[in-house]
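Here's the structure we're looking at; comments come further down.
Sequence lines set the chain letters: A, B, ... in the order given, protein chains first and strands last, and positions in each chain run from 1. Please read all numbers here as calculations on a predicted model, not as lab measurements.
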Number of protein chains: 2
Amino acid sequence: MKRPTLAVVAARAGVSKSSVSRVINGETTVAPEIRDVVMQAVRELGYVPNAAARNLVTRRTDAVAVVVSDPPKGVVSDDPLFSTVVRTVSRELEAVGRRVVLMLAESDESRARVERYVAGGHVDGVMLVALHGADPLPAALARMGLPVASFNRTAATDVPYVALDNAGGAELAVRHLLDRGRRRIATITGPLDLYESRERLEGYRATLRDTGRRSIVALGDFTRASGAEAMRQLLEDDPDLDAVFAANDLMAIGALRALHQAGRRVPDDVAVVGFDDIEAAAYTMPALTSVRSSMADQATATVRLLLALIKGGPRKPVIMPNDLVVRESS
Amino acid sequence: MKRPTLAVVAARAGVSKSSVSRVINGETTVAPEIRDVVMQAVRELGYVPNAAARNLVTRRTDAVAVVVSDPPKGVVSDDPLFSTVVRTVSRELEAVGRRVVLMLAESDESRARVERYVAGGHVDGVMLVALHGADPLPAALARMGLPVASFNRTAATDVPYVALDNAGGAELAVRHLLDRGRRRIATITGPLDLYESRERLEGYRATLRDTGRRSIVALGDFTRASGAEAMRQLLEDDPDLDAVFAANDLMAIGALRALHQAGRRVPDDVAVVGFDDIEAAAYTMPALTSVRSSMADQATATVRLLLALIKGGPRKPVIMPNDLVVRESS
DNA sequence: CACCCTTCAGGGAGCGCTCCCTCACCCTTC
DNA sequence: GAAGGGTGAGGGAGCGCTCCCTGAAGGGTG
């Protein structure tokens with residue numbers, strides 16, 4: 001039951017602890033025969049280095065905290081963002097031999113826990129996911145001097161991030177609707193304390209402004225339910241609208257449902273375009289036109305950014321391009 | 001930049017390291033005035049205990065590994081299972097002050113990594129999620145003597161688990177369809193190396209058998225695409241079927257789409273029932289009837305099971321009940 | 001041939017913490 | 001008033017590892 005230690009391996013191999021340590025850590029200044037005899041002992045004993053002891057002296061942890069900000073209610077339990085990002089990030093980090101410590105930051109309490117944990121030097125870096133604009137966490141973490149990279153932009157200007165070209169994506173969507181001859185194009189926004197929501201809204205507004213059309217805006221919070229609710233609101237306020245650009249696909253799905261319930265045909269009466277191109281977008285009826293932005297690619301880019309930061313790389317943001325996937329809903 | 005140590009705090013407070021340690025660990029045998037002066041010093045210095053040093057001596061880690069088995073292709077990137085389970089588990093574990101180390105077990109390599117990591121004694125327990133029947137990991141982990149709890153049943157008989165009443169849920173679904181007057185009821189199964197798939201299939205079969213009807217089975221793998229594909233297959237093989245029970249909602253969504261494309265009306269021509277009652281189920285058109293089984297509750301139960309095991313509790317499985325949510329698709 | 005330099009193994013301090021043990025002190029009790 | 005018991009603080013060993021330093025041995029050079 002008791003795990004063998006370095007000393008035990010050294011004794012077994014008939015060499016010093018130092019030599020075993022060198023072999024374990026892949027140092028090159030070891031004679032091949034010592035290497036072999038050590039490896040043999042390691043194998044026989046099933047030796048696994050004790051990470052705690054190692055961390056204690058090296059002050060490296062080989063671990064990265066992945067901090068996900070959850071809406072307090074936690075309703076969007078099947079938000080693809082979470083799965084895709086967390087999964088991709090884990091995969092990437094594991095591939096380079098780093099541990100992933102997952103932390104949720106959904107309450108002040110859990111935020112404090114994250115701060116304490118990170119302050120405790122238990123991780124080499126932090127990756128932030130989906131933090132609200134007003135969240136004090138990014139700034140607090142950045143202040144600690146630890147490498148921090150954010151999936152999407154945050155209010156903390158000194159935190160390097162990977163974001164989409166949100167305004168550009170919105171423009172793509174709106175121009176597409178205009179090309180299709182739509183004239184009253186509404187939008188359903190995400191929560192406006194999120195940068196991506198604001199940027200998508202701004203892209204929508206700017207594009208309409210450029211073509212002399214007015215904006216019709218309803219607020220959502222990136223959930224299906226909010227999309228449905230916003231859509232009902234829009235139909236009430238402006239029964240003549242003939243297109244909707246939803247700031248994410250989940251809300252577009254909600255909008256689709258609300259339109260159906262209101263007896264509007266999609267795309268005949270109202271065209272719908274979403275954002276993110278999640279898998280579900282291809283399975284709505286009618287299938288959803290959406291701005292494609294590979295969350296997986298963005299997640300990968302964020303991991304790479306963080307790893308570069310840990311190695312001392314430059315703190316500069318990365319912007320990912322996106323394009324439009326046209327399906328039946330527009 | 002250098003973090004203060006216990007010794008520094010002790011010096012500052014004018015007491016011994018032992019006393020500081022006692023205060024930090026909440027021992028009761030400390031005089032209130034010493035408590036106060038220590039807490040004061042801790043606050044002033046922003047002291048955070050070094051977990052590595054602590055783990056080294058206590059041999060506890062306060063960490064739990066959450067191991068998620070991914071399909072190698074990783075297609076189901078917005079599978080609600082992942083979000084819901086991982087999120088709920090994190091929340092529960094953080095609430096009791098435990099770290100969550102997330103690990104993916106999708107390849108032999110990553111499986112070996114998990115095994116090595118767990119063998120290294122870096123965690124106090126392991127929670128397994130969505131492991132395939134043939135996966136050698138559960139048994140391997142159980143052999144290490146470390147507490148292991150599984151979300152859903154696995155082939156390793158000595159690993160305690162929390163599962164749904166899958167057969168019962170399937171029976172609920174099929175009986176409902178029979179009550180609605182359906183006579184040719186097909187099913188789309190999940191991957192058959194998963195216990196829950198087999199149990200749902202068995203529940204379906206048994207219920208039909210009891211009423212003297214024959215089974216019509218198509219294989220899926222829990223993804224939307226497989227559901228659509230299986231549905232097309234079923235329609236081809238048995239054009240007269242009037243109902244489908246899909247072993248999960250994602251496949252039901254795919255089936256819905258395939259039915260739509262084949263020109264069948266739901267529920268008029270073909271009734272559809274899913275399993276899991278994910279959020280998306282309420283947003284399909286028509287809205288999906290589904291067997292409800294709170295994944296969040298199941299996840300919570302699994303965490304509690306694991307925590308109980310760590311405390312030395314009994315290794316007995318837990319079965320969760322489920323019920324049927326009737327919507328428009330049946 | 002003597003000397004120096006390089007290469008590489010071993011010794012051992014020390015990372016920050018816990019926990020056992022010792023010991024001082026105070027309160028009872030007879 | 002002395003002895004005994006209990007309470008609670010301090011001292012210090014040691015957890016398993018890395019990494020600096022020392023020193024032995026071998027090879028090259030003048």
| task | Pull out every residue in residues 38-56 of chain A that has a heavy atom closer than 4.0 Å to any atom of DNA chain D, ordered by number, or say none. | result | A:Tyr47, A:Pro49, A:Asn50, A:Ala53, A:Arg54, A:Leu56
Taking only distance into account, with no hydrogens and no angle test, what donor-acceptor pairs under 3.5 Å do side-chain atoms of residues 133-150 of chain A form with protein atoms, sequence neighbours excluded?
| unit_1 | atom_1 | unit_2 | atom_2 | d |
| --- | --- | --- | --- | --- |
| A:Asp135 | OD1 | A:Leu137 | N | 2.8 |
| A:Asp135 | OD2 | A:Arg111 | NH1 | 3.3 |
| A:Ser150 | OG | A:Asn152 | O | 2.4 |

| Residues which pass salt bridge (Lys or Arg N to Asp or Glu O under 4.0 Å) with A:Arg12, listed by chain and number, not counting sequence neighbours | A:Glu44
Report, one pair per line, the protein and nucleotides 23-28 of chain D atoms (nitrogen or oxygen only) whose separation is under 3.5 Å.
none

| message | So, does A:Ser16 get its side chain near the phosphate of C:dA9, meaning an N or O under 4.0 Å from OP1 or OP2? | response | no
| query | Taking CD1 from B:Ile24 and P from C:dG16, how many angstroms apart are they, rounded to a whole number? | reply | 15 Å
| task | Could you list all the ring pair (Phe, Tyr, Trp, His ring centres under 6.0 Å) pairs where at least one residue sits in residues 35-68 of chain B, not counting sequence neighbours? | result | none
| Members of residues 5-15 of chain A that approach DNA chain D, where some heavy atom sits under 4.0 Å away | A:Thr5, A:Leu6
| query | How would you list, by chain and number, every residue that makes a ring pair (Phe, Tyr, Trp, His ring centres under 6.0 Å) with B:Tyr117, sequence neighbours excluded? | reply | B:His122
| task | Tell me, please, which residues at least two apart from B:Arg153 pass salt bridge (Lys or Arg N to Asp or Glu O under 4.0 Å). | result | B:Glu199
| query | For A:Glu27, which residues count as a side chain to side chain donor-acceptor pair (under 3.5 Å) partner, sequence neighbours excluded? | reply | none
| field | Residues which pass side chain to side chain donor-acceptor pair (under 3.5 Å) with A:Glu94, listed by chain and number, not counting sequence neighbours | value | none
| Is B:Ser19 near enough to D:dG10 that one of its side-chain N or O atoms lies under 4.0 angstrom from OP1 or OP2? | yes
Under 3.5 Å, N/O pairs linking protein and nucleotides 19-22 of chain C:
| unit_1 | atom_1 | unit_2 | atom_2 | d |
| --- | --- | --- | --- | --- |
| C:dC19 | N4 | B:Ser18 | OG | 3.3 |

| message | Using a 3.5 Å limit on both distances, find every run of at least three consecutive Watson-Crick or G-U pairs that involves DNA chain C. | response | C:1-30 with D:1-30
